[in-house]
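Take a look at the structure set out below.
Quick caveat, the model's predicted, so the values are computed rather than measured.
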Amino acid sequence: MRPWLAVPVVLALGLGVRAFAGGDFAKYAGVALYTTLIYAILAFWLRPVYAALSSVAISWAVEFFQLTGIPAALSAQSFLARLVLGSTFNAPDLFWYAAGAGLGMAIVRSRMVERAQGDVSRPTS
């Protein structure tokens with residue numbers, strides 16, 4: 001996958017999971033992909049480990065911000081605010097944010113290994 005394709009692909013996956021799946025799977029997959037999206041954006045400028053740590057820090061900051069009630073008020077007024085800020089604090093989300101950053105880092109590292117070994121999916125002649 002080309003680096004510039006990562007952001008729309010992750011965004012589409014996150015919205016698709018939330019729209020077409022249900023229950024805890026959809027909730028926590030969406031939470032993890034939220035951080036994977038932040039990771040994909042930061043990975044343009046930061047090394048994989050720093051992008052992962054930064055994306056988790058941003059996600060956790062948003063989650064703890066929900067304790068103030070401000071995101072809930074904004075989410076009641078705007079669908080976009082609800083997507084970006086959520087509305088209520090949920091402690092298990094903290095784990096899934098880390099999982100999402102790990103997913104992003106695993107994808108980037110696997111692509112780095114492919115490049116180092118030569119991409120066998122494309123002919124060299």
Side-chain angles (χ1 to χ4, degrees):
M1 177 184 309
R2 302 274 186 241
W4 51 271
L5 281 175
V7 173
V9 167
V10 173
L11 182 59
L13 281 172
L15 293 174
V17 164
R18 296 297 292 256
F20 298 110
D24 286 342
F25 173 78
K27 179 187 179 354
Y28 293 120
V31 167
L33 287 168
Y34 174 88
T35 303
T36 306
L37 176 64
I38 295 170
Y39 177 90
I41 293 167
L42 294 177
F44 282 106
W45 298 282
L46 301 174
R47 291 182 178 173
V49 170
Y50 296 123
L53 292 172
S54 298
S55 62
V56 170
I58 291 167
S59 299
W60 284 7
V62 170
E63 190 70 27
F64 285 112
F65 184 50
Q66 292 171 354
L67 291 170
T68 67
I70 295 170
L74 293 172
S75 293
Q77 308 260 336
S78 165
F79 178 71
L80 183 60
R82 184 165 183 78
L83 284 176
V84 174
L85 299 175
S87 59
T88 56
F89 178 81
N90 186 26
D93 289 355
L94 299 173
F95 167 79
W96 291 105
Y97 292 136
L103 173 65
M105 202 161 101
I107 292 168
V108 166
R109 286 191 184 262
S110 71
R111 292 296 294 160
M112 291 169 80
V113 168
E114 280 180 16
R115 285 190 191 135
Q117 294 176 348
D119 190 351
V120 294
S121 65
R122 285 188 248 155
T124 56
S125 55

Worksheet item: Can any side-chain N or O of Q66 pair as donor or acceptor with the backbone N or O of L85 at less than 3.5 Å?
Response: yes

Worksheet item: Do any pairs count as a side chain to side chain donor-acceptor pair (under 3.5 Å) and have a residue in residues 45-56, sequence neighbours left out, and if so which ones?
Response: none

Discussion item. Quick one, R82 and L74 - any side-chain contact, counting heavy atoms below 4.5 Å?
Written reply: no

Practice prompt. Calculate, to the nearest 0.5 Å, the distance between atoms CG and CH2 belonging to L33 and W96 respectively.
Written response: 11.0 Å

Fill in: Whether S75 side chain and G86 backbone form a donor-acceptor pair below 3.5 Å
yes

Fill in: Spacing of CD1 belonging to I41 relative to OH belonging to Y39, to within rounding of 0.5 Å
13.0 Å

Discussion item. For a quick test of reading the model, state the closest non-hydrogen atom pair linking S59 to T35 and the distance between them.
Written reply: OG-OG1, 2.8 Å

Item to complete: Describe, in one word, how the ring planes of Y34 and Y97 are oriented to each other, choosing from parallel (under 30°), tilted (30 to 60°) and perpendicular (over 60°).
Response: tilted

Worksheet item: Between atom CZ of F89 and atom CZ of F65, what is the distance when rounded to the nearest 0.5 Å?
Response: 14.0 Å

Practice prompt. Before giving the answer on side-chain contact (heavy atoms from CB on, under 4.5 Å), spell out for I58 and L42 the whole-Å C-alpha distance, their side-chain angles and the decisive distance to 0.1 Å.
Written response: CA-CA 11 Å; I58 291 167; L42 294 177; 4.1 Å; yes

Fill in: F79 reachable from V17 in the ILVMFWY side-chain graph, under 4.5 Å edges
yes

Worksheet item: So if you build clusters from Ile, Leu, Val, Met, Phe, Trp, Tyr with side-chain heavy-atom gaps below 4.5 Å, do L83 and F20 land together?
Response: no

Response to the item:
To the nearest 0.5 Å, atom CG of L37 lies from atom CG of L15 at 9.0 Å

Worksheet item: Roughly how far apart are L11 CG and T36 OG1, rounded to 0.5 Å?
Response: 12.0 Å

Worksheet entry | Distance-minimising heavy-atom pair for A81 and S78 | N-OG, 3.2 Å

Practice prompt. Write down the atom of A51, the atom of L46, and the distance for their closest heavy-atom approach.
Written response: N-CB, 3.9 Å

Item to complete: Only pairs at least two apart or in different chains count here, so list each salt bridge (charged side-chain N to carboxylate O under 4.0 Å, His left out) that has a residue in residues 84-96.
Response: K27-D93

Worksheet item: Counting only N and O atoms by type, is there a donor-acceptor contact under 3.5 Å from the side chain of W60 to the main-chain atoms of L94?
Response: yes

